[in-house]
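Have a look at the structure below before the remarks.
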2 protein chains.
Amino acid sequence: MVVQRAPQGQLTDDEVDRIFRALADRTRRDIVRRTLVGEVSVSALARSYAMSFAAVQKHVAVLEGAGLVTKLPHGRERLVRGNPEAIVRAQVLLDQFEALWRDRVARLDALLAEDPPPTST
Amino acid sequence: MVVQRAPQGQLTDDEVDRIFRALADRTRRDIVRRTLVGEVSVSALARSYAMSFAAVQKHVAVLEGAGLVTKLPHGRERLVRGNPEAIVRAQVLLDQFEALWRDRVARLDALLAEDPPPTST
DNA sequence: TCGTTGTACAACCATCGGGTTGTACGTTAG
DNA sequence: CTAACGTACAACCCGATGGTTGTACAACGA
């Protein structure tokens, strides 16, 4: 899968879409957890879930497309390794959302701290 | 939409699915940003995007189902307000992923700090 | 060498998701 | 009162997704 990576640490909308989309499935979240702890082959992963090897393969592909996971060849198997940097990228996004809200709160606070406004209370 | 909320601060897999799914669309992310800054009516939101009112209505419904947004009646319109607490819940989830990785790093560090192992270097 | 294992990939199927249009109805403004 | 506005919801279209099975092939082990 050819994945467009953003040039300058900036994430494109498509990339953000892929990251959250990839995390919106419990099997994929589980795969991320397991491969963050240590490298696991695709077949080893497949044995853990009540679905076909091909299905797990697809999940890994989705995660790889989102940059949440990388696959490294090791003999005849592919070791899947979770990518903590992608997690951090997602965290940054949520931090930005939270910052917006904090700004609003700050503005409201500033407003209340002002001299009593001309409008009636 | 009837949404199952978790009993004790714990998020169910379904809830996590909905949160990330809801964030996996740029229009919905934009709605969250705008409604975190201040309350906006559905029709005001609809005017901002190149799609029908009904489409925006659906996006708001998805966000509401994920708990990322609440709708409060105000005369004939519904004001949409972003829910910062839901953002925090998502942040906690990502933090848990990151913690897994930090644990791995910590274990590796501990291993390296040990006495030289009996195996050859 | 040859069977087994691990992977890749295509084809197919059912469901879901994001979009549309159309209809109905409560609320507000003139 | 009546027209315009804001919302809700159903029906529909179609592409994406999550699953399946089947085939092909490279790598490993005995």
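Order of the sequence lines sets the chain letters (A, B, ...), proteins ahead of strands, with each chain counted from 1.
- For the side chain to side chain contact (heavy atoms under 4.5 Å, CB included) test, no residue two or more places apart in sequence or in another chain qualifies with A:Arg76.
- Listed by residue number, A:Met51, A:Ser52, A:Ala54, A:Ala55 are the residues of residues 45-56 of chain A with a heavy-atom contact under 4.0 Å to DNA chain D.
- Rounded to whole angstrom, the span from the NE2 atom of A:His59 across to the P atom of C:dA8 amounts to 16 Å.
- A sub-4.0 Å separation between OP1 or OP2 of D:dA8 and a side-chain N or O of B:Lys71 is present.
- Between B:Ser43 and D:dT7 there is a side-chain polar atom (N or O) within less than 4.0 angstrom of OP1 or OP2.
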(request) Run the numbers on A:Asp25 and B:Arg21 for salt bridge (charged side-chain N to carboxylate O under 4.0 Å, His left out), then give the verdict. (result) CA-CA 8 Å; A:Asp25 179 285; B:Arg21 193 89 189 60; over 6 Å; no
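- A heavy atom closer than 4.0 Å to some atom of DNA chain D occurs in no member of residues 33-40 of chain B.
- Protein atom CZ of A:Phe20 is 18 Å distant from nucleotide atom P of C:dG17, rounded to whole Å.
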Contacts under 3.5 Å, N or O only, protein and nucleotides 14-16 of chain C:
none

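- Under 4.0 angstrom from either OP1 or OP2 of D:dT7 there lies no side-chain N or O belonging to B:Gln57.
- Within residues 73-83 of chain B, the residues that have a heavy atom under 4.0 Å from DNA chain D are, in order of number, B:Arg76, B:Glu77, B:Arg78.
- Comparing the start and finish of the helix from C:dT1-D:dA30 to C:dG30-D:dC1, five pairs each, the helix axis swings through 30°, to the nearest 10 degrees.
- In this structure, the CZ atom of B:Arg18 is 16 Å from the C1' atom of C:dG17, given to the nearest Å.
- Residue B:Leu23 contributes atom CG, which lies 17 Å from atom C1' of C:dG18 at whole-angstrom precision.
- Rounded to an integer number of Å, the gap from A:Lys58 NZ to C:dT7 C1' is 15 Å.
- Remark: C1' of D:dT17 and CG of A:Asp17 are 15 Å apart, rounded to the nearest angstrom.
- Regarding B:Leu72, its CG atom lies at a distance of 17 Å from the P atom of D:dG6, rounded to whole Å.
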